[in-house]
*Asks:* 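Mind looking over this structure? Questions follow.
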Amino acid sequence: MGNKIHGGLPHLILMLLVWILLVLVSGCSPLRPQTDPGLDKKARDLANTIVSLNQDIKSSKGTGWVEMETDTRADKFKIAWAASAPNRLRITFLVAGHPVETIVATGDHVTFISHTGEHDSHTTFSSDPNLKKYLHIPVKLSGLIAILLGHIPLEKFDHAWFKQGDSNFPPIILTQNWKSTFQQLHMNKVGQVQQLVFLNKNNIPLYDITYLDYQAHGENRIPATLLVQDAAGRKIHLTLTLFIPNPPIKESVFRLTESGS
């Protein structure tokens, strides 16, 4: 009997590991319905087309306006930026022509500078920090850079399928293995992105990006007016008024001077 018990242990351990794996997978991903593999391929192909949108734009410079709205305040800033893929950025927020805040991303770390003394200069150890502390919405730096390059900030995904429903243009669900959040991509009949929603595993929106206007720049169409908002109603309305694709940008633009500016 002892041998039978001992011999059954590996099987029990294997079953336990399988059960833990199933719990982890179901806990990290939205429940997926039964879908048509042919339609899944179409969903993936459409999502990959969106990922490749404007990828020939490797850098940009420009100006625009940002309106931020929270529960307690509303602010409007002019912005001026220079960005270079994948992770370098210098953007300054201005009021009445005077700089208020500057964010400088070197590709290795990010420094936040207040020109008004609202906070001490702060440098992150991360090359892609969350900007919620500064923009009030949990947008990562890589997402902001993608927007300023005219890209759609889709995160990596392993699976894609059309959301079931009666819509003639159902959104595409995008999930990544072992990740508790997922994305929902809404497109119109001509394949233009209308909205990108980021949700948690309970299908609750974290924040979304609504695309309000596109502008032509040569052969590219750039998202020029966007509304970003979270579940609490905090909003960022971004309008790009000047967009220069692939300009020459000196490396010194992404470095701080000795004075910290």
*Asks:* Does the Lys NZ or Arg CZ of Lys61 fall within the cation-pi geometry relative to Trp81 - under 6.0 Å from the ring centre and within 45° of the axis?
*Replies:*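 No.
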
*Asks:* For Asp71, check side-chain hydrogen bond (donor to acceptor under 3.5 Å, both in side chains) against everything at least two apart and list the hits.
*Replies:* none

*Asks:* To the nearest 0.5 Å, what is the distance between CD1 (Ile103) and CG (Leu141)?
*Replies:* 7.5 Å

*Asks:* Look up atom CG in Leu148 and atom CD1 in Ile79, then write down how far apart they are to the nearest 0.5 Å.
*Replies:* 6.0 Å

*Asks:* Measuring from atom CD of Glu69 to atom OG1 of Thr72, what distance do you get when rounded to the nearest 0.5 angstrom?
*Replies:* 10.5 Å

*Asks:* Got Ser121 and Phe112 here, is their nearest side-chain heavy-atom distance under 4.5 Å?
*Replies:*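 Ser121 does not reach Phe112 side chain to side chain.
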
*Asks:* For the backbone of Val110 and the side chain of Thr124, can you confirm whether one donor and one acceptor N or O come within less than 3.5 Å of each other?
*Replies:* yes

*Asks:* If you round to the nearest 0.5 Å, how far is CG of Asn54 from CG of Leu149?
*Replies:*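 So the CG of Leu149 and the CG of Asn54 are separated by 9.5 Å.
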
*Asks:* When you check the gap from the basic side-chain N to the acidic O, do Lys140 and Glu155 get nearer than 4.0 Å?
*Replies:*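 No, Lys140 and Glu155 are not salt-bridged.
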
*Asks:* For Asn130, give me all partners under side-chain hydrogen bond (donor to acceptor under 3.5 Å, both in side chains), at least two apart in sequence or on another chain.
*Replies:* none

*Asks:* So which pairs with a foot in residues 205-217 pass side-chain hydrogen bond (donor to acceptor under 3.5 Å, both in side chains), sequence neighbours left out?
*Replies:* Gln195-Thr210

*Asks:* Give me the one residue out of Leu196, Ile172, Leu154, Leu174 that meets side chain to side chain contact (heavy atoms under 4.5 Å, CB included) with Ile50.
*Replies:*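 Exactly one option meets the side chain to side chain contact (heavy atoms under 4.5 Å, CB included) with Ile50, and it is Leu154.
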
*Asks:* If you look at every heavy atom in Asn188 and Phe169, which pair is closest and at what distance?
*Replies:*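 Heavy-atom minimum between the residues: C-CD2, 4.4 Å.
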
*Asks:* Regarding Asp40 and Lys42, does a basic nitrogen lie under 4.0 Å from an acidic carboxylate oxygen?
*Replies:*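 Lys42 and Asp40: not salt-bridged.
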
